[in-house]
**Q** 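Structure below; questions to follow.
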Amino acid sequence: MSGDLGGTGTERAVRRDGAVRAAVEQGLLGPDVPIVGLLDVAGIRESAAALRAAFEAVTAPGTPVLHAFAVKATPLVPVLRLLHEEGIGVEVASPGELALARAAGVPAERTVLDSPAKTPAELREALELGIAVNADNPQELERLDALVKALPDTASPLGIRVNPQVGGGSIEALSTATATSKFGVALRDEGAREWVVRAYLDRPWLTRLHTHTGSQGIPLTLMAEGVAEAYALAEEINERAGRRQVDTLDIGGGLPVNFGSDEESPTYAEYARVLRERVPGLFDGRYGLVTEFGRSLLAKHGTVVARVEYAKSAGGRPVAVTHAGVQVATRTVYAPGAWPLRIAAYDGKGMPKEGPDVVQDVAGPACFAGDLLAVGRAMPLLEQGDYAAALDTGAYYFAHHYAYNSLARPGVYGFVSDEDGSVSFATVREEQRVEEIVAEAGGGRADALTEAVRRGGSGRS
Ligand SMILES: *Cc1c(COP(=O)(O)O)cnc(C)c1O
């Protein structure tokens, strides 16, 4: 499969190197601030544009298309605002994510709610606001029945999520379309398809159909298979209804990301072509489209940079002890086989390190032996005061802090580079302060348990 224009990946790498150097020069990163997350604003905008262009190239003119960014991939308000300005809406899956989207100013009609465990209060709020909702299961549909009666004028487009059960990919925990996946109505289970069709025929207000089949480790052809199943179901519903009841297909997200190099592969354009070949009717203008990409929009535009606090040797192998570990790269540390990350070496001035490859471990700061970003990696030797950068970490990494050892959430900065090479930073999220860690850990109620023992445990204060 051919990838991105080689130039784009190279330009991204050049911008990244410039940002690391500038972060050190400008004191964003140093002995007292040993870890930061960096976001490449130009790269995010390029990916948003590439997504829009890929679908514009295959859809009939005038087809309504909503690209809804899966907020869980990078739940940071300024990122959602930037994407909103680039024409990308949001897919939310919790009250917290919805609140982030609203704080970013994303309007209800650009928002889709998809979580598998929505409470009655969440559903009501969504219908009051006019947010699109995809019901996950028959019990949720019953809740929608009651709400639609109570709020007949809701502007919310409503649909059902189906699991086409087309099979999984190489990462079991991320495979959404296996026979026993927890998501949506399992379409190939006995009686399920007929149940879904009846559900639509009985409810003229169900106008959307949703599936999210892809994820990291899933081939494009399998993703397209899932979409094809949903499309065929929509056609069946519409035929039996005798009208275009299902007017919009939500095809989910899940485009895999290449974590092995700076090349972007597969691209949105490739996926759109695969889809058009497999499901041509999807693009002929009869259906509006919703997409829900997360990882593929942000992953390549984020970098965690951490200072090498100590460089040591154990059993003959060099080990760089850095400030980036399980708290910012949880998946990689716990499942290194499924989630390997590239590590780039920079010297104490933030310049790319040269030198012969040395096989070494790159460790994190947490107090357990498995807290390793990379094991036996051949790269220029990391020494005390150098920096190690974990690449492609803009989605599901530093924005997903894991509070092991009460390690602070690092600051996150967006960077913009001028033509002359100068770099300016914008604070996306401040570094968590130690006082905040204490407050979140019950610091304001230090006596709670000892007092409760004295009172004999009656009541709550
Ligand atoms: C996680 C998720 C997405 C985004 O998946 P990516 O692999 O990040 O593109 C989209 N839709 C739903 C329903 C999801 O749960």
Side-chain angles (χ1 to χ4, degrees), residues 44 47-48 50-51 54-55 66-76 79-80 83 88-94 96-98 100-101 110-118 122 126 131-137 140 159-164 168-178 181-185 208-220 222-224 226-227 230 248-259 264-268 270-272 275 289-302 331 338-339 392-400:
I44 296 170
S47 284
L51 172 57
F55 279 78
L66 169 63
H67 297 295
F69 174 62
V71 170
K72 75 171 182 280
T74 310
L76 297 168
V79 169
L80 305 182
L83 288 171
I88 309 289
V90 290
E91 184 264 354
V92 299
S94 71
E97 289 182 357
L98 175 56
L100 297 181
R110 314 272 308 158
T111 304
V112 179
L113 173 66
D114 271 348
S115 73
K118 309 175 195 79
E122 271 183 272
I131 288 168
V133 176
N134 292 308
D136 182 83
N137 58 66
E140 189 165 292
I160 295 180
R161 175 171 183 173
V162 295
N163 168 12
S170 63
I171 305 176
E172 181 65 25
L174 267 73
S175 293
T176 50
T178 60
S181 161
K182 72 171 184 180
F183 296 113
V185 177
R208 289 194 173 182
L209 187 62
H210 174 222
T211 189
H212 167 64
T213 312
S215 193
Q216 192 66 19
I218 310 237
L220 294 189
L222 189 64
M223 290 172 65
V227 173
T248 301
L249 278 157
D250 180 339
I251 64 171
L255 193 73
V257 163
N258 167 28
F259 285 94
E264 226 164 287
S265 165
T267 61
Y268 290 121
E270 282 164 346
Y271 182 43
L275 276 176
L289 295 176
V290 177
T291 74
E292 305 172 341
F293 296 101
R295 180 177 291 108
S296 54
L297 270 166
L298 257 294
K300 292 222 108 42
H301 310 308
R331 282 182 170 166
W339 298 102
D392 308 324
T393 46
Y396 304 103
Y397 278 96
F398 56 77
H400 290 62

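Every number for a ligand or one of its atoms is a count from 1 in the order of the listing.
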**Q** Under 3.5 Å, N or O to N or O, is G214 touching ligand 1 that way?
**A** no
**Q** Please identify which atoms of ligand 1 are closer than 4.0 Å to at least one heavy atom of F293.
**A** 9 (O)
**Q** Just jot down the side chain to side chain contact (heavy atoms under 4.5 Å, CB included) partners of L100, sequence neighbours excluded, or say none.
**A** V71, P75, V77, L80
**Q** Could you list the atoms of ligand 1 found under 4.0 angstrom from a heavy atom of D114?
**A** 13 (C)
**Q** Is the shortest distance from a heavy atom of Y396 to ligand 1 less than 4.0 Å?
**A** yes
**Q** Are Y268 and F293 near enough that their ring centres are under 6.0 Å apart?
**A** yes
**Q** Within this structure, what is the CD1-NE2 distance for the pair I88 and H67, rounded to the nearest 0.5 Å?
**A** 6.0 Å
**Q** Could you list which atoms of ligand 1 come closer than 4.0 Å to a heavy atom of R295?
**A** 6 (P), 7 (O), 8 (O), 9 (O)
**Q** Determine whether any heavy atom of R161 lies closer than 4.0 Å to an atom of ligand 1.
**A** yes
**Q** Check each heavy atom of Q216 against ligand 1 and say whether those closer than 4.0 Å belong to the side chain, the backbone, both or neither.
**A** neither
**Q** Only counting residues at least two apart or in another chain, list the ones meeting salt bridge (charged side-chain N to carboxylate O under 4.0 Å, His left out) with E140.
**A** K118
**Q** Could you tell me whether some N/O pair between E292 and ligand 1 is separated by less than 3.5 angstrom?
**A** yes
**Q** Is there a heavy atom in S296 that sits closer than 4.0 Å to ligand 1?
**A** no
**Q** Check whether any side-chain heavy atom of V90 sits under 4.5 Å from a side-chain heavy atom of V112, and report yes or no.
**A** no
**Q** Which atoms of ligand 1 have any heavy atom of K72 under 4.0 Å away?
**A** 1 (C), 2 (C), 3 (C), 4 (C), 14 (C), 15 (O)
**Q** Can you sort out which atoms of ligand 1 are near G254, meaning under 4.0 Å from one of its heavy atoms?
**A** 5 (O), 6 (P), 7 (O), 9 (O)
**Q** For the residue pair E91 / H212, report whether a side-chain donor-acceptor contact shorter than 3.5 Å exists.
**A** no
**Q** Please determine whether a side-chain nitrogen of the Lys or Arg among D392 and K300 lies less than 4.0 Å from a carboxylate oxygen of the Asp or Glu.
**A** yes
**Q** Where is the tightest heavy-atom contact between P256 and Q216, given as atom of each residue plus distance?
**A** CA-OE1, 3.4 Å
